[in-house]
2 protein chains.
Amino acid sequence: MATTIKDVAAAAGVGIATVSRVLSGTGSVSAATRERVLAAARALDYRPSAVGRSLKTRRTGGIGLVVPDVTDPFCAELVAGVLACARSLGEHVLLDAAHGDPEREAAIVDRLVEQRVDGIIALPAGDVAAWESAVRVGCAVVFADRALPALPAVPAVLADDAGGVRALTEYLTGLGHRRVAYLGAAGPGQAPGVRERAFRDTLAGLGLPVHEDLVVAARPERDSAYAAAAGLLQRGTDATAVLAAGHLLGEAAVLVARELDIRVPADVSIAMVDDVPWAELCDPPLTAVARPGHDMGYRACEAVLRDSARRGAHRPVPLPTELVIRGSCGPPRGARGGRRASGDPRGGR
Amino acid sequence: MATTIKDVAAAAGVGIATVSRVLSGTGSVSAATRERVLAAARALDYRPSAVGRSLKTRRTGGIGLVVPDVTDPFCAELVAGVLACARSLGEHVLLDAAHGDPEREAAIVDRLVEQRVDGIIALPAGDVAAWESAVRVGCAVVFADRALPALPAVPAVLADDAGGVRALTEYLTGLGHRRVAYLGAAGPGQAPGVRERAFRDTLAGLGLPVHEDLVVAARPERDSAYAAAAGLLQRGTDATAVLAAGHLLGEAAVLVARELDIRVPADVSIAMVDDVPWAELCDPPLTAVARPGHDMGYRACEAVLRDSARRGAHRPVPLPTELVIRGSCGPPRGARGGRRASGDPRGGR
DNA sequence: GCACAGGATGGAAACGTTTCCAACGTGAGG
DNA sequence: CCTCACGTTGGAAACGTTTCCATCCTGTGC
């Protein structure tokens with residue numbers, strides 16, 4: 001059915017080795033033969049089969065990409081970066097979404113290994129065993145955006161989240177806020193993430209107390225984020241600013257504030273990590289920490305191919321973030337009216 | 001280096017055919033042998049090679065997906081749908097972005113054909129030749145979201161864009177608008193798209209005139225959209241409502257309106273096609289026509305695999321859209337006699 | 001006790017490439 | 001005129017599977 005190199009060889013009246021040489025450009029062939037082969041290939045609509053080639057060359061030219069969710073703007077940006085790099089390096093990309101489910105992630109990784117991708121890039125959900133086994137069978141793996149502490153040997157391309165949160169915390173406190181809420185902390189049983197730690201450390205470094213009641217736990221999912229934001233903003237608005245640890249948290253904060261008729265930034269300032277497109281569209285535009293998603297994807301792709309060439313030169317320098325100041329943050333309410341931020345009651349509106 | 005089926009066979013003391021039978025579950029093997037093989041496979045960390053298998057079975061289990069841009073929320077939604085279906089059908093997905101460039105698209109399609117994907121799903125950019133050649137060599141192709149008029153033989157999964165625009169147009173005129181602008185028309189030399197045609201037809205059907213000066217051309221790209229929106233809204237605001245033909249156009253309209261201090265919906269109503277997440281976040285929340293991106297992706301994936309089983313049963317029924325009414329549209333300014341903006345039936349906050 | 005059915009098993013071919021290696025001119029240098 | 005080098009060329013092996021087919025063995029029915 002499908003035409004193979006053999007058909008082309010027969011049609012051109014040459015051996016298959018010659019066809020291969022012509023089409024791959026290697027070796028030497030006379031100009032006349034080359035023309036004949038090319039003509040035959042064109043006439044027969046011949047498309048070389050990558051699977052035959054891959055079997056022989058032991059390289060598929062594919063790289064696997066595992067993200068939590070393609071519809072997440074940050075993930076999408078990162079995917080775009082990987083795509084861009086892959087294209088420029090002549091590779092293609094196998095994409096799948098794990099949706100935060102380690103089991104699903106394990107299944108995806110297994111499949112990618114079976115497919116013999118040249119390398120895998122992942123925003124890991126946490127299935128340590130699957131990743132271990134992947135690297136054990138010799139698959140190049142690079143993490144992006146976040147790493148797995150249990151697997152320090154796997155290179156990771158990270159953003160300077162801590163620096164971003166620090167800049168944001170300093171900015172808010174610099175505006176006069178003394179009761180800054182942190183939305184998106186780790187749950188009771190879990191270890192705090194880098195962002196939460198940066199938040200706490202920055203406040204501590206500034207000699208300011210961390211109000212534990214303002215550090216609220218939330219997973220980066222819409223319902224969890226919304227519930228947490230509602231819980232935070234409903235109970236008398238004693239926080240004068242909210243630092244959302246991710247764009248889903250920020251979205252929730254904006255939504256809840258609007259529903260509760262809390263004015264931004266007059267009543268409460270809001271800022272978040274991740275400068276997604278809608279940050280500029282909402283009213284007022286949201287101040288955010290931009291993380292270089294595209295760049296991270298691009299670099300992860302470079303790294304995974306470099307690594308697949310077996311030169312494991314880790315470059316653990318985190319990529320810089322940028323604080324993008326828009327209109328959603330101002331001085332704490334009452335700061336200009338004589339009422340000091342310290343004993344600020346829940347006067348509200 | 002990598003362990004193959006031969007190694008497993010040797011380790012288990014059986015033939016490779018037996019290993020294959022055990023691992024693929026076909027044929028009959030004694031329980032004892034099965035255990036021995038399984039143990040050997042586990043001990044050796046054996047991962048069957050999909051490329052070997054694909055070569056023999058002539059199916060790769062991969063499907064190609066070509067979109068304009070992964071960072072576009074609608075595309076991302078569609079990709080997610082394809083991913084979901086592919087997963088449930090045991091396939092994997094090769095993704096690439098053409099960025100509206102036919103040449104790039106052709107290169108991507110060529111590569112996917114080389115990779116011997118079981119089928120290709122695409123939001124085509126327009127490279128007719130590449131698609132023709134792909135179907136000629138026997139590759140199953142399904143278009144999604146838009147079709148290529150030059151290739152009527154390729155099945156397409158479409159949304160009822162015309163119905164959506166009609167609903168939106170009727171809604172706006174129903175609010176009393178007589179000067180509705182259409183943002184995102186085809187350029188001078190090009191044929192109008194389905195949406196523009198639906199807009200015109202609906203007005204005509206209502207016995208209302210189409211104001212040609214309010215039908216402004218724009219490509220669905222940020223700069224083009226912004227320029228068009230600025231051009232439209234700056235020249236005295238003679239339009240009382242803007243129908244944006246896509247979310248990028250809608251975004252531009254919102255941004256320009258804010259910069260020009262045009263109140264929405266008091267001064268001008270804005271609505272758009274594509275109910276992307278930020279529509280709910282902006283202020284006021286944007287009325288939009290929701291198109292089932294996820295569903296379209298899912299169905300396109302089903303169709304392409306059905307089709308690859310060579311049963312080309314086209315189902316050209318367009319998927320329904322839904323008009324999601326939020327706060328960005330109200331009666332035209334001055335409709336109530338004075339300049340009263342409050343008392344809108346649709347309170348835009 | 002013997003033929004036969006049928007389950008279990010291994011050998012080998014095939015899938016479509018790439019690439020090593022041998023063979024075959026053919027022209028040049030001795 | 002012979003040899004040697006070199007550019008061209010084709011055969012064949014290898015890559016890792018699946019699967020057809022033949023073989024072997026164990027019961028079973030007569």
Side-chain angles (χ1 to χ4, degrees), chain A residues 1-38 40-41 44-62 110-111 113-118 137-139, chain B residues 1-38 40-41 44-62 110-111 113-118 137-139:
Chain A
M1 181 87 195
T3 101
T4 76
I5 198 173
K6 247 180 258 182
D7 304 321
V8 178
V14 300
I16 59 168
T18 304
V19 177
S20 176
R21 271 188 293 260
V22 170
L23 263 29
S24 63
T26 65
S28 65
V29 259
S30 72
T33 315
R34 157 172 298 113
E35 271 324 304
R36 216 141 33 95
V37 169
L38 254 23
L44 293 180
D45 243 332
Y46 171 65
R47 309 299 190 97
S49 161
V51 15
R53 187 202 341 269
S54 297
L55 183 58
K56 179 64 185 169
T57 63
R58 317 172 59 90
R59 285 195 79 245
T60 57
D110 273 351
R111 171 141 207 166
V113 170
E114 269 206 16
Q115 291 293 324
R116 297 291 190 266
V117 290
D118 296 340
V137 299
C139 187
Chain B
M1 183 86 195
T3 100
T4 78
I5 199 174
K6 246 180 258 180
D7 303 322
V8 178
V14 300
I16 60 168
T18 303
V19 177
S20 175
R21 272 187 292 259
V22 170
L23 263 30
S24 64
T26 65
S28 65
V29 259
S30 72
T33 315
R34 158 171 296 114
E35 272 323 305
R36 217 142 32 94
V37 169
L38 255 23
L44 293 181
D45 243 333
Y46 171 65
R47 308 299 189 96
S49 161
V51 13
R53 185 199 345 268
S54 297
L55 183 58
K56 180 64 185 169
T57 63
R58 315 173 61 88
R59 284 196 79 247
T60 56
D110 274 351
R111 172 142 205 163
V113 170
E114 269 206 16
Q115 290 295 323
R116 296 293 191 266
V117 289
D118 297 340
V137 299
C139 187

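Lettering of chains follows the sequences in order, A, B, ..., and the numbering in each one begins at 1.
In this structure, B:Gly52 reaches the bases: a heavy-atom distance under 4.0 Å links it to at least one base atom across the strands shown. Residue A:Val51 is out of contact with every strand shown, counting any heavy-atom pair closer than 4.0 Å. Across all strands shown, B:Ser20 has heavy atoms under 4.0 Å from base atoms, whether or not it also approaches the sugar-phosphate.
Protein atom CG of A:Leu44 is 15 Å distant from nucleotide atom C1' of C:dG16, rounded to whole Å. The distance from atom CD1 of A:Ile5 to atom C1' of C:dT17 is 6 Å, rounded to the nearest whole Å. As a whole-Å value, the separation of B:Ile16 CD1 from D:dT17 C1' is 8 Å. To the nearest angstrom, C1' of C:dG16 lies 16 Å from CZ of A:Arg58. In this structure, NZ of B:Lys56 is placed 14 Å from C1' of D:dC15, rounded to the nearest angstrom. Following rounding to the nearest Å, A:Tyr46 (OH) and C:dG16 (P) show an atom-to-atom distance of 10 Å. B:Arg53 has its CZ atom 8 Å from the P atom of D:dT17, to the nearest Å. Rounded to whole Å, the distance from NZ on B:Lys6 to C1' on D:dG16 is 8 Å.
Residue B:Gln115 holds its CD atom at 6.0 Å from OG of A:Ser54, rounded to the nearest 0.5 Å. Note: B:Cys139 SG to B:Glu114 CD = 12.5 Å, rounded to the nearest 0.5 Å. In this structure, OG on A:Ser30 lies 7.5 Å from CZ on A:Arg36, to the nearest 0.5 angstrom. Taken to the nearest 0.5 Å, the CD1 atom of B:Ile16 stands 7.0 Å off from the NZ atom of B:Lys6.
The stretch residues 21-28 of chain B touches DNA chain C through B:Arg21, B:Ser28, each having a heavy atom under 4.0 angstrom from the strand. Remark: A:Ser30, A:Thr33 in residues 30-38 of chain A come within less than 4.0 Å of DNA chain D through at least one heavy atom.
Nearest heavy atoms, B:Tyr46 versus B:Thr4: CE1-C, 3.4 Å. Nearest heavy atoms, A:Ala11 versus A:Ala40: CB-CB, 4.0 Å.
Side-chain contact between B:Val37 and B:Arg34: absent, with no pair of heavy atoms (C-beta onward) separated by less than 4.5 Å. Contact of the A:Thr3 side chain with the A:Asp45 side chain is not registered, since no non-hydrogen atoms from C-beta on lie closer than 4.5 Å. In this structure the side chain of A:Arg47 reaches within 4.5 angstrom of the side chain of B:Arg116, judged on heavy atoms.
OP1 or OP2 of C:dG10 sits under 4.0 Å from a side-chain N or O of B:Thr18.
Residues B:Ala17 and B:Leu55 both approach DNA chain D. Their nearest nucleotides, taken by heavy-atom distance, put B:Leu55 toward the 5′ side.
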